[in-house]
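This is a predicted model, so every value here is computed, not measured.
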Amino acid sequence: MAIEGEEDVWPETIVAAAAAAAERWPVAPALIENGVTKTFAELWRETRAAASAFLARGVKPGDRVAIWAPNIGAWILAALGAQACGAVLIPLNTRYKGEETGEILRRARVIMLFTMRDFLGTDYRALLNGQSLPDLRETVTFEDWEAFVASGNGADDRAVDAALTDRHGDELSDIIFTSGTTGAPKGVMTVHAQVTRIFGDWAVRVDLREGDRHLIVNPFSHTFGYKAGWVACLLRGAAVVPQAVFDEAETARLIRAHKITFIPGPPAIYQSLLLARQNSETADFSSLRVAVTGGAPVPEVLVERMRGELGMRNVVNGYGMTEHGVITMTRQGDAPEVVATTCGFPLPGVELRIVDDEGWDRPVGATGEILVRSHGVMRGYLDDPEATARAVDGDGWLHTGDIGALDDNGYLKITDRKKDMFISGGFNCYPAEIEALLSRHPAVEMAAVIGMPDERMGEVGKAFIVLRPGIRISPEEIRAWARDFMSNYKVPRSIEIVASLPRNAAGKVLRAVLRGEAGG
C-alpha cells in the first residue's frame with residue numbers, strides 16, 4: 001500500500017491503470033451494478049473488446065469521443081475503450097440542453113457521441129435535432145452498447161495490443177468544459193499522467209483502499225465522479241458502485257446492500273443521509289468509513305454529526321478545480337474544526353502562493369488570490385491561447401480566481417471566489433464565510449448568501465436559508481442571532497426561508513440562479 005511521503009509511481013495512463021488493476025487484483029470486484037459484479041480482469045477484457053470496436057470504426061489518436069449519459073458501467077467502458085485507441089474523452093453533463101451540447105460538440109470537433117435513448121424520460125438524441133454537427137460521424141446509445149461492442153473483433157484483437165503500445169502519459173486524456181459561469185464554457189485540456197499522479201496521490205491522502213466499495217453519486221461528467229471516482233478506484237483496487245441520480249432512499253439502499261465504505265460528495269449528500277437515518281429505522285450506514293467533501297463550506301457541526309451519528313471515522317475536506325484537479329486536502333484525523341474551516345494542505349509536488357492584486361506574496365493569515373503551480377496544471381484551454389495566458393502565467397502559476405489564506409501549518413482556508421465577493425460599506429464580504437457562520441445556528445440546515453445592490457452601502461447581503469426538519473423560526477430571529485455572532489457588515493440585510501437551494505450536478509449552489517430570483 002502506498003503511504004503518503006513515499007515516492008509513489010503511478011501508471012502513465014488511465015488505460016494502463018485499468019490493465020495494472022486486472023493484473024494485480026484479477027478476481028477482486030471492480031464494478032457492482034444492478035446486482036452484477038465484474039472483476040478487474042473482466043472489466044479489462046470488456047475494455048479491450050470496446051477498444052476493438054472503436055478501432056473497427058477507424059478511431060485514431062487525437063479523435064474526440066463524447067459521452068452524454070448518467071453514471072453507468074458502460075460509461076467507464078466507453079471511456080477506457082476510446083482512450084485505449086488514443087482518443088480524447090469529452091464528458092458532457094446530463095443537465096445540458098441541446099444548444100449547450102451542440103456548441104461543445106462543434107467546438108471539440110467530436111466524431112462519436114455516446115448517449116441515451118431514454119434517461120428520465122428524455123431521448124438525448126432528440127435534443128440535438130436542428131444542431132449543425134459537421135464532424136459527428138456516429139451517435140451510439142448505451143441501450144445498444146452490446147451491439148456496438150460486438151461490431152469489433154473482441155477482447156483478443158491484436159490491433160488492440162498495437163494501439164496500447166502507442167499510448168503514453170503526455171497524451172491528452174480528456175477535455176472537460178467548465179461550467180461557464182463567466183461567459184462561454186472553456187475546454188480544459190489534461191494529459192493522462194496528470195490524472196493518474198494527482199488522483200493517485202489524492203487517493204492515498206483520503207485513504208481509499210484496496211477492497212473499498214466506492215459509491216459514486218457525483219456525475220462521471222465531472223472531475224469528482226470521473227477522476228476522483230472510477231479512475232481512483234482503478235489506481236487503488238476499490239470497487240465502483242455507480243448511482244445514476246442522487247436519491248436519498250436509493251443512496252441509503254445502496255449503502256446498506258453493498259456495504260459501502262467510501263462516499264465523496266458535497267455537504268448536501270451527508271445532510272440527506274443524516275435525515276434518512278433520523279426518518280428510517282432500517283437505514284444502516286455502519287459500513288461507512290470515509291467521507292470526502294468539498295466545493296462548499298462544511299459546518300463544524302456537520303463534521304461532528306457525520307462522525308458521531310453516521311460513524312464515519314475519516315471525514316476530509318478539500319479544494320480543487322477543473323484546471324488542475326485536486327489541489328489541497330485535509331488529512332485523516334484532523335479535528336472537526338480543521339475540516340470545517342480549511343481545505344487542508346497541498347498534495348505532494350503542489351506549490352501554493354497567496355498574492356495581492358499586484359502579485360506580491362501575502363503573509364501568513366492574510367487573504368489574497370490563490371496561485372497554484374505543479375505537474376497538475378492543465379495544458380491549456382481548447383483553441384483559446386489568450387484565455388490560457390490569462391490563467392497560467394509565464395512562470396507556470398495557475399491563477400485560480402479564488403480568494404484564500406494559509407495558516408501557520410500551511411493549511412488553506414478558502415474565503416471565496418473573487419466574483420462572489422461583494423463590498424458592503426467599504427468592507428469585503430465573502431459569502432462562504434457568512435454561510436459558515438449562519439450554519440452554526442441550530443435551526444439552519446443550509447445557507448447561501450449573495451450580494452444585492454444598495455444605494456447607501458453599495459451592496460448588502462441576502463441569505464437564503466433551508467431550515468432543519470420540524471423547526472420554525474422567523475428570518476428576523478435569525479438576523480437577531482447573527483448580529484451577536486458576526487460583524488455587523490456581514491449580517492445579511494434580508495433572509496428568505498426556502499425549501500431547497502438550486503444546485504448544479506456537482507452539488508454546488510447556483511448563486512446566479514439565486515441572484516436572478518432575487519433580482520440582483
Side-chain angles (χ1 to χ4, degrees), residues 31-34 67-76 91-97 116 118-122 124 142 179 212-230 232-233 238-280 282-285 287-288 290-299 302 305-306 309-310 312 315 317-318 445-448 466 468-469 498-510 513:
L31 175 65
I32 303 172
E33 181 180 32
N34 299 327
I67 303 180
W68 192 20
N71 294 5
I72 54 176
W75 201 111
I76 300 172
L92 298 171
N93 192 323
T94 56
R95 299 193 183 194
Y96 285 162
K97 303 303 181 184
M116 305 290 291
D118 182 14
F119 175 58
L120 300 181
T122 298
Y124 277 68
F142 279 115
S179 57
D212 268 338
R213 303 289 180 91
H214 185 334
L215 180 61
I216 307 181
V217 181
N218 302 292
F220 286 172
S221 59
H222 187 271
T223 299
F224 216 173
Y226 163 28
K227 298 173 184 178
W230 59 263
C233 288
V240 173
V241 182
Q243 184 174 354
V245 179
F246 177 68
D247 174 81
E248 176 185 307
E250 176 63 6
T251 299
R253 187 194 70 79
L254 289 170
I255 292 171
R256 182 175 64 252
H258 301 298
K259 304 296 182 187
I260 299 297
T261 57
F262 192 96
I263 179 169
I269 286 181
Y270 308 111
Q271 289 161 332
S272 296
L273 293 180
L274 286 164
L275 288 173
R277 186 176 181 276
Q278 293 173 0
N279 297 334
S280 173
T282 62
D284 179 9
F285 304 141
S287 62
L288 293 174
V290 179
V292 184
T293 192
V298 187
L302 176 60
R305 292 181 69 198
M306 289 164 67
E309 297 176 36
L310 297 179
M312 294 174 162
V315 179
N317 190 13
E445 185 75 33
M446 290 175 267
V466 178
R468 289 195 177 186
V498 296
S500 62
L501 297 173
R503 296 178 180 274
N504 66 12
K508 290 186 179 181
V509 173
L510 297 170
V513 173

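At a threshold of 4.5 Å between non-hydrogen side-chain atoms, the residues F285 and L288 count as touching. Between R503 and M446, some side-chain heavy-atom pair lies under the 4.5 Å cut-off. Residues W230 and W75 have side chains in contact (heavy-atom distance under 4.5 Å, counting atoms from C-beta outward). For the pair C233 and L31, the minimum side-chain heavy-atom distance is 4.5 Å or more. At a threshold of 4.5 Å between non-hydrogen side-chain atoms, the residues M116 and I72 count as touching. F220 is listed as a side-chain neighbour of I76, based on a closest heavy-atom distance under 4.5 Å. At a threshold of 4.5 Å between non-hydrogen side-chain atoms, the residues E445 and P469 count as touching. Residues N218 and P264 have side chains in contact (heavy-atom distance under 4.5 Å, counting atoms from C-beta outward).
Note: I216 CD1 to I263 CD1 = 10.5 Å, rounded to the nearest 0.5 Å. Between atom OG1 of residue T94 and atom CG of residue N71 there is a gap of 8.5 Å, rounded to the nearest 0.5 Å.
Checked by atom type and distance alone, the side chain of S287 pairs as donor or acceptor with a backbone atom of I260 at under 3.5 Å. Checking side-chain atoms of Y226 against main-chain N and O of P91 turns up no donor-acceptor pair under 3.5 Å. A donor-acceptor pair under 3.5 Å is formed between the side chain of R277 and the backbone N or O of E309. At least one donor-acceptor pair under 3.5 Å links the side chain of H214 to the backbone N or O of A228.
Scored by the salt bridge (Lys or Arg N to Asp or Glu O under 4.0 Å) test, R213 finds no partners at all (sequence neighbours excluded). Scored by the side-chain contact (heavy atoms from CB on, under 4.5 Å) test, Q243 finds L215, V217, D247, E250, T251, L254 as partners (sequence neighbours excluded).
Contact between G265 and I269 at its shortest, heavy atoms only, is CA-CD1, 3.9 Å. The shortest non-hydrogen separation linking R305 to Q278 is NH2-NE2, 2.8 Å. Closest heavy-atom contact between A276 and A283: O-CB, 3.9 Å. Closest approach of K97 to W68, counting heavy atoms only: O-CZ2, 4.4 Å.
N93 and S221 share no side-chain donor-acceptor pair at under 3.5 Å.
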Exercise. Would you check, one step at a time, whether the test side chain to side chain donor-acceptor pair (under 3.5 Å) holds for T293 with N317?
Key: CA-CA 5 Å; T293 192; N317 190 13; 5.0 Å; no
Quiz item: Given the rule in the side chain to side chain contact (heavy atoms under 4.5 Å, CB included) test, do L310 and L273 qualify, once you have shown the distances and angles that lead to the verdict?
Solution: CA-CA 8 Å; L310 297 179; L273 293 180; 4.2 Å; yes
